[in-house]
Each structure stands twice: as C-alpha cells, then as structure tokens.
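The basis for the numbers below is simple: all heavy atoms, side chains too, and nothing from hydrogens, waters or symmetry mates. All values derive from a computational prediction rather than experimental measurement. First listed ligand is number 1; within each ligand, the first listed atom is number 1.
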Amino acid sequence: MKILHLSPELAPWSKAGGLGDAVAALAKSMGALGHEVRVVTPLYGSVPGAERMGVLLPSLQVGVGGDPRKAGCRVRTQSVAPQVEAWFIEHEDYYGAREIYPPREDAGERAHFFARAGLDACVAAGWIPDIIHCHDWTTGLIPPLLNTTLREGPLGAASSVLTIHNLQHQGLHPRRTLDFAGLPAHLFRPDELECLGGVNYLKGGILHARTVLTVSPTYAREILTPAFGHGLEDVVRRRADALHGILNGVDRDEWDPARDPHLAQPFSAGDLAGKAACKAALLRELNLPTEPDRPVVGVISRLWDQKGLDLALAVLPRLLREDALRFVLLGSGDASLEQGFRRLAAEFPAACAVKIGYDHGLSHRIEAGADFFLMPSRFEPCGLNQMYSMTYGTLPIVRETGGLADTVIPWDGEKKGTGVVFTHADLAGVEWGLRRALELYAQPKKFAAVRREALRQDFSWRRSAEEHLRRYAVA
Ligand code: ADP
Ligand code: GLC
C-alpha cells in the first residue's frame with residue numbers, strides 16, 4: 001500500500017510531546033512491513049540540517065485561498081527508513097519560526113497549510129496514496145475536503161483515517177478558514193464543522209474520516225462520555241461504529257537500555273547491575289546525595305492540567321518531610337506549576353531536583369535511573385513514558401485512565417503486576433499511589449519480581465502497525 005501520514009510533529013525533527021514519537025515510529029514500522037510511506041510535516045525553523053535535505057518539488061502552488069503569494073512552498077525530502085520518506089513543507093512565513101504551535105492570528109490557516117500542501121505534493125509528484133492518515137486537529141479539515149471539493153480529483157479514491165491523539169486540542173478557528181481551505185459553505189452548520197461560531201477542525205476530521213482511531217482501547221471508550229469528551233462526546237458517538245483504539249508502542253531503536261548512548265552504563269532484564277549505576281549517576285547529575293536504598297520517583301512531562309502534576313505538587317511535601325523518597329522532575333509548561341516545582345526543590349534541596357526545560361538526554365537518564373515513574377494524569381489517551389519506564393525496569397505509578405489503564409498491570413500486593421495503579425485523580429489517589437509504591441519498594445523480593453515482569457512486557461510498534469493495517473483494509 002501507499003500510505004500518506006500528515007502530522008504537525010515528527011521525531012526527531014520536531015516534537016512537542018508524544019505525537020512526534022508516535023507518528024515516526026508508526027511510519028517506520030509500516031515501512032518495515034513492506035509498505036511505501038510518506039510523512040508530510042512542516043519544516044519548522046528549529047529543524048536542523050534542512051539545507052542538506054533533498055528537494056522533491058522546488059515550488060508548489062498549494063490549493064488554498066487568501067493571498068496567492070502566500071500559497072507557494074517548497075517540498076523537501078529526507079529518507080527516514082527503507083520505504084519511508086519525510087516530506088517537509090518549507091514556507092518561511094508560516095513555519096520559519098522555531099515554535100510548533102505559536103499563538104498567532106492566522107493559526108488556522110497555518111495549521112491547515114502543510115496538510116493541504118501534502119495532498120497537492122502527492123498529485124504533483126505522481127505519488128497517489130491509498131490511505132491518507134491524518135493526525136490530530138491540525139489535519140482535521142482534510143477528511144471533509146476529500147469528501148467534498150477533492151472528491152472527483154486524483155485523490156478521491158483514497159481512504160481517509162484520523163487518529164485522535166488528544167481530544168482536548170480541537171482547533172477552533174474563524175469562519176474564514178473554511179474559505180481558505182476551499183470547503184463548501186454549507187459545512188458551516190452545527191451538525192457539521194461549526195462550533196461556537198467558529199470552525200472546529202477536529203470535529204471536521206471526526207465526522208468525515210472513513211476510520212477514526214485513537215491511541216488506546218480505554219480512551220476510545222472514555223471519549224464517548226462527557227467526562228472525557230471535551231464537549232465533542234456527541235460527535236464522537238455519531239462515529240462510534242468507525243472508532244477504534246490501537247495502543248502506541250516503544251521504539252526500541254530509541255528506547256533500549258542495553259544500547260542507549262545517553263546512559264552511564266547499559267543494562268538489560270538479564271543484567272540489572274547497570275541500572276544501579278544509572279541511579280547513582282542520575283543523583284550525582286542532579287546534585288542529590290547518592291543513597292542507593294532510597295527510592296527515586298521520576299517525572300518527565302509537559303506541565304499541563306491533563307497530567308495531574310498539581311496533585312503531585314500538593315502531596316509531595318508531606319512525603320519529602322518524612323524523608324520517604326527522592327523526587328526528580330523534568331518538564332515545562334504552565335508557569336505556576338514550573339514555579340511550584342522550583343519552590344519544592346528549593347525547600348527540599350537534598351531530596352528533590354527539578355529541571356525546567358526540554359532535555360532529551362536527561363529524559364533517558366531519568367527513565368533509567370529512577371525506581372518509579374509517576375503519571376497522575378486526569379486523562380491520558382495513551383502515554384508513552386509509562387511504557388518507556390517499564391522497558392527500563394522503572395515501575396510506573398499511574399492513574400487508571402486511557403492508555404495507562406491498558407498498559408500497566410496493578411501490583412496485587414504479592415509478586416504480580418508491573419506497577420502501581422490508583423483510581424482517582426485527586427490528592428488521596430496520588431498519595432495512595434505513592435505510598436503503595438513505597439510499600440512495594442520496602443519488600444525487595446516482591447519489588448524485584450514486579451520489576452522483572454515490567455521488563456518482560458513487549459510494547460512493540462510492529463503489533464500496533466499491523467493492527468492499523470487491518471483497520472485500513474476494512475476502511
Ligand atoms: P504527551 O504527548 O501527552 O505529552 P506522552 O507520554 O505520549 O505524553 O509523550 C511525551 C513525550 O515527550 C515522551 O517521549 C517524553 O519523554 C517527552 N517529554 C515530555 N517533556 C519532556 C521534557 N521536558 N524533556 C524531554 N522530553 C520530554
Ligand atoms: C498525545 C497524548 C498522549 C499520547 C500521544 C501519542 O499527546 O496526550 O497520551 O501518548 O499523544 O499518541
């Protein structure tokens with residue numbers, strides 16, 4: 001099959017969260033299964049080595065409205081893996097800055113441009129896809145376009161797929177974006193793309209894609225309900241028959257403790273000596289006392305309401321005062337959370353280290369050096385870090401939601417399970433989860449057994465890619 005992915009993030013070139021990882025790994029796995037894959041994504045100013053990339057189309061006039069001088073772009077190409085190419089949409093005004101999601105007045109036009117450019121690039125290059133797979137809200141106008149304006153064109157026979165990686169971010173933009181995209185005016189109705197007087201991109205994608213996917217079976221059920229639907233639950237319910245949850249995986253080229261260049265020492269399920277060395281090295285790196293017997297709880301996260309870290313911030317002082325654990329956090333986002341965690345580290349300098357910012361190498365070293373990894377998410381479509389953690393023998397402490405519920409087996413108090421799972425995203429839930437982890441850590445034989453089971457889990461992208469391909473075949 002010829003498979004086109006449209007995504008605003010593509011690791012390692014651009015990544016704000018798990019979307020970049022997920023699309024890159026899915027594309028590579030599909031290529032490895034023998035399919036021809038192209039991933040279209042913007043060439044942000046932060047993407048390194050653009051001048052060394054190939055040029056697929058030196059100039060492409062994209063089918064959008066507005067100022068025709070702004071409708072031109074260049075398409076660069078870069079090989080990702082055998083059979084897999086990234087096509088970067090180069091447009092200085094839209095994407096020349098470093099940020100992936102900057103707040104700007106023409107955010108709707110900018111979001112749509114690269115995806116539409118991807119479709120037009122396929123036609124111009126004579127590469128006609130069987131599947132057009134859209135990822136998240138920025139690509140949401142593509143399925144309605146394929147069902148209307150582009151229906152009789154060369155891409156009309158392609159089957160459209162939308163993956164919802166996060167229903168919270170929907171893209172609500174002014175009515176004029178409909179004209180910009182070349183969509184018929186009659187789609188501006190409450191039972192179509194209209195929402196609160198604007199155009200809701202994700203709603204368009206959900207209503208019009210032939211297949212709607214999300215990134216875990218539990219999240220696929222949750223988003224049918226008001227508690228998780230972010231106001232789109234009725235829209236999602238209209239597509240319930242076409243909706244399926246497929247878990248993400250772990251890219252072992254990137255996340256394998258036996259050959260991870262970022263670690264002080266490699267280790268594996270069969271030989272965990274290196275993990276102790278990684279723990280000591282992490283504590284040294286973060287200027288914490290190296291006490292091998294004290295449990296280290298790690299966090300790597302966007303500091304965002306979704307992630308429930310405000311709850312952790314409220315609960316941690318008590319545990320730190322009891323000197324029960326060491327806590328390390330890497331993250332950035334909400335200014336008040338950043339400040340709150342900085343203060344926590346200042347209050348407990350010998351027990352808590354906080355790095356505000358984005359640090360790829362440190363994220364690997366935390367996964368390797370921590371004993372536990374905390375994810376108290378209010379909702380979590382899939383979550384990648386709990387899977388990376390288990391792969392590194394680090395036990396996740398997670399709230400029972402979305403992909404966290406689907407990937408972590410709750411510790412049963414004996415030797416079974418792969419982590420600690422709590423039910424409620426509230427203070428009592430997070431405190432219970434942390435104390436339960438301490439209880440497990442205090443029983444070395446049980447802790448070792450649970451760690452072994454965590455290390456045995458196989459979160460392969462191949463399985464995920466195969467499941468996607470089965471869904472494509474049905475579409
Ligand atoms: P989400 O996509 O909702 O942020 P995921 O768990 O799916 O959550 O993916 C988050 C990804 O982003 C992981 O690969 C994680 O390691 C990475 N990440 C998040 N924050 C940082 C950071 N500050 N530094 C390095 N990597 C980060
Ligand atoms: C989103 C979700 C996260 C998921 C990621 C990749 O950012 O918040 O749960 O793992 O996408 O699918």
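- Taking every heavy atom of Tyr388 and a limit of under 4.0 angstrom, the matching atoms of ligand 1 come to 14 (O).
- Using a cutoff of 4.0 Å between basic side-chain nitrogens and carboxylate oxygens, Arg471 and Glu467 are not scored as salt-bridged.
- Those atoms of ligand 1 with a heavy atom of Ser301 less than 4.0 angstrom away are 20 (N).
- Within the 4.0 Å heavy-atom cutoff, Cys382 does not count among the residues contacting ligand 1.
- Considering both main-chain and side-chain atoms, Gly18 comes within under 3.5 Å of ligand 1 through a nitrogen or oxygen pair.
- Of all atoms in ligand 2, listed by their number and element, those nearer than 4.0 Å to a heavy atom of Asn166 are 8 (O).
- With a 4.0 Å heavy-atom cut-off, ligand 1 is reached by the side chain of Asp21 but not by its N, CA, C or O.
- Around atom 21 (C) of ligand 1, the closest heavy atom drawn from Phe379, Trp304, Tyr358 belongs to Tyr358.
- The pair Asp334-Lys307 fails the salt-bridge criterion, with no side-chain N (NZ, NE, NH1 or NH2) lying under 4.0 Å from an Asp/Glu carboxylate O.
- With a heavy-atom cut-off of 4.0 Å, Gln386 does not touch ligand 1 at all.
- Looking at atom 24 (N) of ligand 1, its nearest protein heavy atom turns out to be Asp359 N, 3.1 Å.
- The shortest contact between atom 13 (C) of ligand 1 and any protein heavy atom is with Asn385 OD1, 3.4 Å.
- For Phe114 and Tyr44, the ring centers are positioned 6.0 Å apart or more.
- For Phe422 and Trp432, the gap between ring centers reaches or exceeds 6.0 Å.
- Considering only non-hydrogen protein atoms, atom 6 (O) of ligand 1 sits nearest to Leu384 N, 2.9 Å.
- The protein non-hydrogen atom at the shortest distance from atom 1 (C) of ligand 2 is His165 O, 3.1 Å.
- Looking at atom 4 (O) of ligand 1, its nearest protein heavy atom turns out to be Arg302 NE, 2.6 Å.
- Numbered from 1 in the order shown, with element, the atoms of ligand 2 that lie under 4.0 Å from a heavy atom of Gly383 read 3 (C), 4 (C), 9 (O), 10 (O).
- Ring planes of His165 and His135: tilted class, angle from 30 to 60°.
- Shortest contact from atom 8 (O) of ligand 1 to any protein heavy atom: Lys307 NZ, 3.2 Å.
- Summarising the geometry of Pro8 relative to Tyr101, their closest heavy-atom pair is CG-OH, 3.6 Å, with the distance given to 0.1 Å.
- Within ligand 1, the atoms closer than 4.0 Å to a non-hydrogen atom of Gly357 are 22 (C), 23 (N), numbered from 1 in the order shown.
- Looking at Lys15 next to ligand 1, an N or O pair under 3.5 Å apart turns up.
- Phe379 has its ring centre less than 6.0 Å from the ring centre of His230.
- Heavy-atom separations between Ala22 and ligand 1 are all 4.0 Å or longer.
- Close contacts between ligand 1 and Gly331 involve ligand atoms 23 (N) [criterion: under 4.0 Å to a heavy atom].
- Numbered from 1 in the order shown, with element, the atoms of ligand 2 that lie under 4.0 Å from a heavy atom of Asn248 read 6 (C), 10 (O), 12 (O).
- With a 6.0 Å radius and a threshold of 12 heavy atoms from other residues, nucleotides or ligands, Lys355 has its NZ atom at or below the threshold.
- Classified by interplanar angle (parallel below 30°, tilted 30° to 60°, perpendicular above 60°), the ring pair His468/His133 is tilted.
- Across Arg302, Glu380, Gln386, heavy-atom proximity to atom 9 (O) of ligand 2 is greatest for Glu380.
- Ligand 1 does not have Glu367 within reach: every non-hydrogen atom of the residue lies 4.0 Å or more from it.
- Of the N and O atoms on the side chains of Asp305 and Gln168, not one donor lies less than 3.5 Å from an acceptor on the other residue.
- If you check the side chains of Glu85 and Ser79, you find no donor sitting under 3.5 Å from an acceptor.
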